[in-house]
Amino acid sequence: MTAFLEIKDLTVTFRVGSAIAARLKGDPVPDLVAVDDITFTVDRGESLGIVGESGCGKSTLARAITGLVPVTSGSISLDGGPLGKRRSKATRRRVQMVFQDPSSSLNPSMTVERTLAELLRVHKIVPRDRIDARCAELMDLVELPKSLLKARPRSLSGGQRQRVGIARALALEPDVLIADEAVAALDVSVQAPVLNLLNQLREELGLTVMFISHDLAVVRYVSDRVIVMYLGNAVEDRSTVDLFESPRHPYTRALMAAAPKFGVKKAPGESAIKGEPPSALDLPSGCRFRPRCPLAEEICEQVEPDLSGASETERTACHFPWEG
Amino acid sequence: MTDPTALPLDLSAADSQGPLDDRKFWQRLPVKVWVGLAIVLIYVLIAVFAPLLAPHDPLAIDPANKLASPTGDHLLGTDELGRDVLSRLLYAARVDLPIGFLGALMPMVLGTILGALAGFYGRWTDTLVMRTADVVQAFPAYILVIVLVFALGQGAKSILVAFTVLAWVVYARIIRGEVLRIRDLDYVHAARVAGLGRLRILRAHVLPNAINQTLIYLPSDIVFATLALAAFSFLGLGIPPPTPEWGAMIAEGQPFIRTNWWLATIPGLIIVVFGLGVSLIGEGFEERLHG
Amino acid sequence: MSDRILEVEDLSVTLERGGKEITPVQNVSVSLGRGEALGIAGESGCGKSLTLKSIIGLLPPGAIVGGDLRFALDREEPISYESADVHGHGIAIIFQEPMTALNPTMRVGDLIAEGPKIHHGLDRREARERAIELMRLVGIPSPEKRARMWPHQLSGGLRQRVMIAAALSTEPKLLLCDEPTTALDVSIQDQILGLLQELRTRLDMSIIFVSHDLAVIGELCDRIAIMYAGQVVEKGPVDEVFADPKHPYTEALMHSVPSFQQTTEKLEGIEGAPPDPGSFPDGCRFAPRCRYVRDDCATASYALVQIGERRETGCIHPELLEGIGS
Amino acid sequence: MGRFGFVAKRLLQTIPMLFGIVLVVFMVLQVTPGDPARQVAGLRASEAELEEVREKLGLNDSVVVQYGRYVKNVLQGDLGYSYKSRKPVAEIIAPRIVITSWLLVGGVLLTLVISIPLGVLAALRKDRPTDHIIRGLGLVGLSMPSFWTGVILLLLVALRFDFFPPGGFGESTYDHFRSIILPSLTLAIASAPFIIRGLRAEMISVMESDYISTARSLGVSGGRLVRRFVLRNAAGPGITLVALEIGYLLFGAVVIETTFALPGVGQGIVLAARARDLPTVQGYTLLFALVVMAVYLLADIIMAILDPRVEIEA
Amino acid sequence: MRIKKIIALFAVLALFASACGDDDDAGTTEATTATTAAPVTTEAGGTTEATTATTAAPGTTAAPGTTAAPAESGGTLRVTRFESFDGWVMDSAAAYVSYNTHQAVMEPLIRFAADGYGFDPGLAETWVYDPDALTITFTLFEGAAFSNGDPVAAEDVAFSLDVWNAGPNFGGSWDSIVAITGEGREIVMELAYPDNTILPVLSGSISGIMPKDFAGMTEDEFYNSPIGAGPFMVDEWSIGGRIVLKKNPNYHREGRPYVDEVILDVVTDQTENQILFESGDTHVVEYLPANVAGQYDPTEVYVCAIHSLEHLGMNVLRPPFDDPFLRKAVAYAVDYEAVNAGLGGYYGPPSGVLSPNIYNWAPPSEPYFRRDLDKAREMLAQSAYPDGVQVEINYDSGNGVDALIAQVLQANLAEIGVDLTLTGLETGAFLDRAFTVDADMTIWNYGAISPGIHDPIIWLAATEWLFSGWETDTLWDLFFAYAEAATDAEMQAIATEVQDLSFNEAHAIGIGEGSYLHAVSQTLTGFESAPWGLYYYDTIAISG
C-alpha cells in the first residue's frame with residue numbers, strides 16, 4: 001500500500017546571523033540544520049506522535065509539512081501528490097494544524113464565528129447560506145456551546161480557545177491534522193478533555209493525526225506510533241506499544257528515565273542524562289547523542305548511525321540498540 | 001510546560017483570560033481619561049459652535065479700536081487690527097483642532113500602511129521603507145515645511161502634507177514592529193496554513209491587532225501636531241492670516257506683550273490646556289492598556 | 001514543633017486589579033520543618049506562586065497581606081510580610097524563567113557575588129572566588145569561564161543553575177522554588193531536581209517547591225499542599241495524598257495526567273476551567289467543577305479538617321471519594 | 001558576531017543612509033521653486049546672462065550629473081559655495097555650530113538634570129501623589145509651545161534678573177554661559193517631559209521584572225539595587241530616548257534661537273532660507289541630518305556597550 | 001540694452017549741478033544742509049539753489065539724538081536689525097541695512113546729505129561737475145587712505161569703476177564715465193556725454209571705493225575681508241550673523257568716527273528687539289515695522305520724513321484684473337484710513353503712486369483714490385464681475401506690515417464682494433513671483449533713495465508698474481523726457497503724468513504713505529537719517 005503522507009529526505013535549514021558578516025570574516029555562512037534528512041511515512045487514519053526536547057526540530061518538521069517553513073531539500077507528498085512550496089488553496093486545506101499557545105493562536109479581534117466563517121467563505125466549504133449552520137455544527141463537534149460563537153478569544157478560557165483552534169482546523173475538513181504541543185500550555189485539569197476530544201475526532205472523522213509533544217505520556221496517550229527526535233534527527237520510529245515497552249535508543253531510554261514519575265523519589269544528585277544537548281550550529285561527529293550517551297564507543301564518533309530496522313515502522317538509529 | 005504568558009504573578013495568566021469585554025474596559029478607565037475627554041469635548045464644542053459663541057465676527061477689522069484693553073464689549077480686548085480677540089480664539093479652534101487631529105491621523109494612516117507593508121512583506125520592501133524612514137527622521141522638519149510651503153503655498157494643505165511626510169515614521173516603526181511580532185503569532189500561522197491570501201491576512205488578522213499600539217501614540221502626536229502648527233505659524237509658515245489660529249495669534253500678539261500681555265499669553269494657555277486634555281486621554285488609555 | 005523553620009498562618013493577599021480588590025490567596029496556612037521539602041501544587045491562578053512571594057516579601061506594591069509569618073530561624077515573634085528582613089537572611093528563592101530572573105546587564109559571576117558581598121562583607125576578589133565555588137557546587141562546568149559570561153550566553157539549564165548558585169550565596173536555610181523546572185526540558189528538569197535533592201541533603205536546607213506538576217513534586221517533596229482558587233484544599237505526606245486523595249480536586253488532577261508508565265485508559269480531566277481570582281465562586285470553590293458536588297457544597301465555608309494523623313482536607317464530603325484505585 | 005560586529009554593522013548601515021540624506025538634501029535645491037541662476041545673476045538679469053551663469057554653475061547638466069558632483073564635493077568636505085556671501089558654505093555654518101552646540105548641550109544637560117531625578121522619583125513613587133504631580137507637570141510642559149515659553153521666561157526672568165541677558169550670545173565665555181541658560185531651559189521644558197515619561201515607564205518595567213525580584217531576594221536593596229540593577233537596565237532605552245529627543249531639540253533650536261536672538265544654526269537656516277541662499281540652506285540641512293544620524297548612531301553604540309544582549313538582536 | 005542698464009534699480013538722476021559740500025572743520029552734517037534745497041542746473045554749469053516750494057514739505061522730524069557735534073567719543077555702538085546683511089558685494093546687496101554697512105567700510109567719494117536732497121563730502125572734500133567740459137573733478141580729503149594705510153588714488157577709483165561696471169545689477173550705471181585720471185588729491189572723471197544721474201550714483205553705497213586690484217587679494221578673498229577708506233574696518237562678519245566693525249585708525253577726518261566699534265546683530269524677533277532695546281543692550285533698532293513702533297517710547301522713535309509708499313499692483317496681464325473697472329472698484333474700496341490706523345498712524349492716505357518728499361514730486365491732476373464704497377460698487381457693476389470675484393494677493397510673509405495691510409484689504413474688498421485669498425510667501429519666493437508678474441495682486445513697499453522723482457519712475461519701470469505687468473514704454477519715454485526737461489514745471493508735469501497714468505488705469509496704486517522708523521536710544525547723539533532710513537555710523541556718539 002502506498003503511504004498516505006510521505007516525507008522523504010526532508011531537510012530544513014535556517015540562516016542564522018548575517019551571511020555578509022560571515023563572508024567578510026571568511027567563515028562559512030552559518031546555517032542551522034533544524035531538520036536533517038528525515039524520511040518516514042504515515043498511513044491514512046494513523047496517529048503519529050513525534051516526541052523530543054526543545055530544539056530537536058519537531059516543530060520545524062510540522063511547520064514544513066504545513067508549508068509554514070520552506071523546505072530546503074527533500075519532498076513531502078500527500079496521497080501521491082506533492083506538497084511543494086506553492087500550494088493551491090485546495091491542497092493547503094488538506095493539512096491543518098492546531099497550535100500550542102491558546103493565548104496567541106486566535107485572532108483577538110475576531111469573534112469565534114468570524115474566525116470560522118472566514119475560512120468557510122474563503123474556501124467555499126459550504127454555500128453562503130449554510131455558513132451559520134456549519135459554524136454551529138463545528139462548535140458541536142468540539143463540544144463548545146454555540147453561545148460562544150459571539151465571544152472573542154479573550155473572554156474564553158484556555159481550554160475553550162484550544163477547542164476553537166481545533167474547530168478552526170476542522171472547518172477546512174482536512175485529511176491530516178497536525179497538533180503541535182496542543183495541550184502544553186493548558187492547565188493540567190484541562191489537558192485531558194482536549195486530548196480526549198482529539199482522539200475522538202480522529203476516530204469519527206478518520207483523520208490522520210500527527211501529534212507533536214515534548215511529553216512522552218501525552219504522546220503515548222494519543223498516538224499509534226512514535227518518532228523520537230534528537231537534534232534534527234529521528235533516532236527511533238516505532239509503534240507506541242513497542243516503544244514504551246522496550247525503548248531501544250539510549251536517548252529514548254534516558255528520556256523515559258528523566259520524566260517524573262509518581263511514587264518515585266529522586267535520589268540526591270541523580271539524573272538520567274548528563275550534560276546538555278550541543279549547539280545545533282556545532283554538532284558532534286558521528287552519532288549526535290554520542291557525547292551524552294552512556295554506551296558510546298569509538299564507532300559512534302566516526303559513523304553516524306542510520307535509522308533502520310526490521311520494517312518502515314520499526315526503526316532505530318543506534319549502533320548499539322537496546323534489545324529488550 | 002512553558003506558559004509564555006506567565007508573568008511574575010501567576011494570576012496574570014488568569015487575567016489575560018478574564019472576561020474583559022468592551023463595556024468593562026470603558027468602565028475601568030482612569031478618571032484622568034474622563035477629565036481629558038471633558039476638556040477635549042469642550043474644545044470640540046467650541047469649534048463646532050464658534051459662530052454661536054463668538055460675540056463678534058473674528059475677521060471684522062476695526063483699526064480705530066485696535067489693541068483695546070478688555071471691556072464689556074471685547075472681553076479679551078482687540079488685536080492690532082481691532083478684531084475681537086475672544087471671537088478669534090473661539091474660531092481658531094476650528095483651524096487648530098482639525099489640523100491637530102488630521103496632522104496626527106494622516107501620518108498614522110500613511111505610517112500604518114508603510115509599516116505594515118515593510119513588516120509583512122519584508123525583504124526589499126522593508127529595506128526601502130525603513131531606510132527611507134531613517135532618512136526622513138534625520139531630516140530637519142523646518143526645511144521640509146519650507147520646501148512644501150514653496151511648492152504648495154502657505155496653508156493647511158502644506159502643513160498637513162509636511163506633517164504626514166515627517167511623522168509617518170514613528171507609526172511605521174511601531175506598526176512594523178507589531179507586524180513582525182504578530183506575523184509570528186500562531187493565529188497568523190493558522191491563517192497561512194488555512195491558505196488565506198496574504199492581503200487578507202494582513203488586513204484581517206495582522207493590522208487590526210497591530211493598530212492598538214499606534215492608538216496609544218496618537219494623542220501625543222495630536223499635541224505635537226498642534227504645537228508644530230503653532231511653531232510654524234510663529235515662523236511665518238503656518239496658516240495664512242487673517243484666519244485665526246492660536247500659534248499665529250501668539251506670534252501676532254507677542255510684540256505687544258509689554259502692553260497687552262494677554263494677546264500672546266491667552267492663546268498659549270489655550271494650547272496648553274488643549275494639549276493637557278489630549279495628553280490625559282493618552283496617558284489614561286496607556287495606563288489602562290499596559291497597566 | 002521545635003524543628004519548625006517556617007510557619008505561615010492564615011495568609012491572605014489582597015491586590016488591586018483594574019480598580020477592583022481581589023484576594024488571590026486566602027487563609028493559607030503552611031508550616032515546614034528543618035530539612036523538609038514541601039510541595040505546593042495547583043493550576044494557574046490558584047495563588048501558589050503568590051503565597052511563595054508573600055513569604056519572601058516580594059509582593060507587588062500595593063498588596064495587602066494578612067496573617068502571620070514566623071520564620072523561626074532566629075526569632076519567635078511573627079515578622080511582617082512586607083519586611084525586607086528576610087531578604088538574604090535565611091530565605092532565598094528561584095524562579096520559573098531563569099532568563100528573566102537574571103539581570104541581563106550583569107555577568108553571572110558578579111550576580112552570584114552580590115550576596116557574599118552584601119552579607120558577608122567579602123571584597124571583590126573573595127566574592128568572586130566564592131561565586132566560582134558556588135557555581136562548582138551547583139554543577140556548572142568550567143565555572144571560571146562561565147562566571148564571566150552574560151546570562152543570555154548560557155543555556156536554560158545553566159541559567160537555572162546560576163540562579164540556584166545565586167540563591168545559595170546567601171546561605172539560606174529555606175529555598176523557595178517557584179516552578180523552577182517548568183521552562184526546562186525534561187532531561188534538564190531531571191538534572192535540576194537531582195541537584196535540588198542533593199543540595200537539600202548536603203546543606204540541610206528546607207525547600208518549598210511550587211509546581212503544577214504533581215509528579216515533579218512527588219519526586220522531590222515529603223509533604224504536599226494542594227491549592228485551588230487561592231485556598232489550600234488538601235495537605236499531607238506526598239505518598240499518602242497520591243495514594244488516597246481526600247479532596248475531589250486532588251483526585252481529579254491525578255486522573256487528568258496521562259502517564260507513560262501505565263497502559264492507556266481514558267483520562268477524565270475536569271470540566272470547566274480554574275476560576276479567575278476576580279471571580280471565585282461562593283461556598284466550596286471547587287463545587288462548580290466537582291463530580292461529587294452536593295447541595296450543601298455551595299454554602300460550605302472554608303476550613304481545613306484534620307483527617308487522620310497527618311492529613312487535612314478542605315472537602316466537607318471526603319467520604320464520597322472513590323479513591324484512586326477504584 | 002559580538003558587539004564589535006554590531007557596531008561595525010551599524011556603521012556600514014549608515015553609508016546608504018548618508019547617500020539617502022545627501023540625495024534628499026540635493027533634491028531640496030531641485031524642487032525649491034526659483035532659479036538659482038537668477039540668484040547669482042540678479043533679479044533683472046537677461047535670459048542670456050542667466051544662461052551664462054547656468055553654464056558656469058553647471059546647472060545645465062543633467063540632474064544625475066549634478067547629484068554626482070554634489071556627492072563628490074560633499075565627500076571631499078566641500079559643502080558648496082554661497083554666491084551671496086562669496087564664502088564657502090562650511091565657513092558660514094561653522095561659527096554658528098558653536099552657539100547651537102552650547103544651546104544643545106545646555107538643553108540636553110538641563111533636560112537630564114530635570115528629567116532623571118523626576119523620572120526616577122515618579123517611578124519609585126508610582127501612583128502616589130508625587131508621581132501624579134510630576135506627571136501632571138510633565139503634561140503641561142509637553143503642551144507648551146516653546147516660543148511661547150521662551151517669551152514668558154524672557155519677561156518673567158530675564159527682565160527681572162540682570163544675571164540673565166535678554167538675548168544674544170554675549171562676548172565672553174561667562175556671557176555665553178549666562179545667555180544660554182534661559183534658552184536651554186526653554187528647550188528642557190519642552191523635552192524633559194518625554195524623558196521623564198520614558199524613564200519612568202522604563203524604570204517601572206525594570207522594577208517589575210523578575211531579576212529585580214531576584215536581586216531583592218538576595219538582599220540587594222536601596223541605592224545598590226537602583227544603581228546596579230535598575231538604572232543599568234533602564235539606561236539603554238533612556239539613552240535611545242534622549243537620542244530621539246535630539247531631533248526634536250534641533251527643531252526647537254530653530255524656534256528658540258529666533259526668540260532669544262541666538263545666532264546659531266537654527267537662526268541661520270531661517271535666515272539663509274529667507275535670503276534664498278540655497279547652497280547654504282543645503283549645507284545646514286546636511287549638517288542637521290548628519291548630526292541627527294550621528295546621534296542615533298552614537299546612541300546605538302552606547303546601547304551596545306551597555307547592553308550585552310545587543311549582539312543577539314543585531 | 002544700455003538704457004535699461006543705466007536705469008536699473010536704484011540708479012538716480014542728478015541735475016546738472018555740482019554740489020559742493022564745503023565741510024566745516026568737524027565735518028558733521030549741519031542742520032543747514034538739511035534745509036538747503038537740491039541744486040538745480042542752469043545751462044551754464046554754475047550752481048544755483050533750487051527751491052523746494054513745489055515739492056511736498058518733508059516731514060519734519062522731532063527725532064532724538066539729532067543734535068550737533070557730539071562731545072564724547074569711544075564706546076561700542078550696538079545696532080540690531082530684522083533683516084540680514086547680505087554680503088560685501090555692493091552690486092548684489094538688496095537690503096537697506098546693507099547699504100548703511102557698506103558705506104561705513106567702503107566709503108564713496110561723496111555721500112548723500114541727511115535731508116536726502118543734496119550731497120555731503122565723502123572721500124572727496126569738494127567736487128565740481130562741469131557739463132561743458134564733461135568732467136567731474138574731485139578733491140580728496142587730506143590723508144584719505146585705506147584702512148591698510150595706502151592712500152586713496154585715482155587708480156583705486158578707476159579700478160573700482162571697473163568692478164562696479166561688471167556688476168550684474170547696477171553695472172552700466174557708470175557707463176558715462178570713460179576715463180579716470182588724476183594726481184595727488186585730485187581725481188578727474190571724464191564723461192562721454194552729460195549725465196545727470198552720475199553724482200547721485202556716486203553718492204550711493206554701490207559706489208564704494210575699493211583699493212586697486214583688491215589690495216592684492218582675489219575677488220573672493222576681498223569680499224571676505226573687504227578693505228575700504230571708510231570710517232570703519234571689518235573685524236568680523238557673516239551673513240545673518242553678527243558684524244563687528246572697528247574704528248579705522250587711518251580715517252582721514254579728524255576725530256571720526258566717534259565710537260570705537262559698531263556691533264550689528266540680526267534679531268528677527270520683534271519682541272526680542274524691543275527687550276534688547278529697553279534693557280539698553282542695543283542702541284538702534286533699524287527699520288522698525290510701523291505696526292510695532294507703538295511699543296517703543298515715542299521719544300525714542302526716529303521718524304524719517306514721509307517717504308515710504310505701500311503699494312498694490314494688480315496684474316493686468318490676465319483676468320480678472322485685465323478689467324480696469326474691477327481695478328478701480330478695488331481702488332475705491334480700500335479703506336486708506338484703516339490702513340493707516342493699522343500701521344500705528346505712521347502711514348497716511350496715499351497721494352499717488354510716486355513716493356513723496358522728493359524733488360519735483362507732484363500729485364495726480366485729480367484727487368487720488370479715497371474710500372468710496374458707492375463708487376466702488378458702481379465700478380464693479382460695470383466690470384465683468386458684477387457679483388464679485390475671487391483673487392489672490394501675494395505678499396512677503398516675513399513682512400508684518402504687508403501682512404497687516406493684506407488683511408485690511410481683505411476685509412475692505414469683502415465689502416464689495418471681492419474675495420481675497422492671502423498668500424504670504426517667503427521673501428525669495430515672493431520676489432520671484434513678483435518680478436515674473438505671477439500674482440493677481442502684489443503688495444509691497446518702496447521708497448526712492450535719491451532726491452529726484454526720476455528714481456521712483458525708474459523703479460516703476462523696472463518693476464513693470466509695481467508688478468502689475470502694465471506696459472512700460474510710455475514710462476520710459478516719460479523718463480527720457482524728464483531727463484531732458486529744462487524747468488521744474490516741466491518735470492513736475494511729467495510727474496503728474498506718471499501719477500495720472502496709474503490713477504486713470506488703477507493698475508498700480510499707492511495704499512499708504514509713511515515714514516521709515518528707527519528706534520534710537522536717548523544716549524546717542526548725532527543720529528541723522530535720510531528719508532529712506534540711511535544714516536552714518538561715524539556721525540554718532542554715545543553719551544552718558
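Just so it is clear: chains get the letters A, B, ... in the order the sequence lines come, proteins before strands, and each one is counted from 1.
With a threshold of 4.5 angstrom between heavy atoms, D:I152 approaches chain B through side-chain atoms but not through N, CA, C or O. For a residue to count as touching a neighbouring chain, one of its non-hydrogen atoms must lie under 4.5 Å from one of that chain's; by this rule D:F194 does not touch chain B. Of the atoms belonging to B:T265, heavy atoms from both backbone and side chain fall under 4.5 Å from chain D. Heavy atoms closer than 4.5 Å to chain D are found in both the backbone and the side chain of B:V272. If you measure heavy-atom distances from D:I21 to chain B, the contacts under 4.5 Å come from both the backbone and the side chain. If you measure heavy-atom distances from B:F224 to chain D, the contacts under 4.5 Å come from the side chain alone.
D:R135 has its side chain within reach of B:K32: a pair of non-hydrogen atoms, C-beta onward, lies under 4.5 Å apart. Looking at heavy atoms from C-beta onward, B:Q254 lies out of side-chain contact with D:W148 at the 4.5 angstrom threshold. Side-chain contact check for D:V292 versus B:Q137: every heavy-atom pair is 4.5 Å or farther apart. Within the 4.5 Å cutoff, no side-chain heavy atoms of B:I271 are placed close to those of D:S143.
Note: B:L227 leads B:T132, B:L280, B:D134, B:L227 in heavy-atom pairs under 4.5 Å with chain D. Here B:L269 is the residue among B:L269, B:V273, B:T226, B:V278 with the most heavy-atom pairs under 4.5 Å with chain D. Of the listed residues (D:H132, D:R197, D:M17), the greatest number of heavy-atom pairs within a distance under 4.5 Å of chain B belongs to D:M17.
Of all heavy-atom pairs between D:L139 and B:S279, the closest is CD2-CB, 3.4 Å.
B:F234 pairs with exactly one of D:V151, D:V254, D:V255 by the side-chain contact (heavy atoms from CB on, under 4.5 Å) rule, that one being D:V255.
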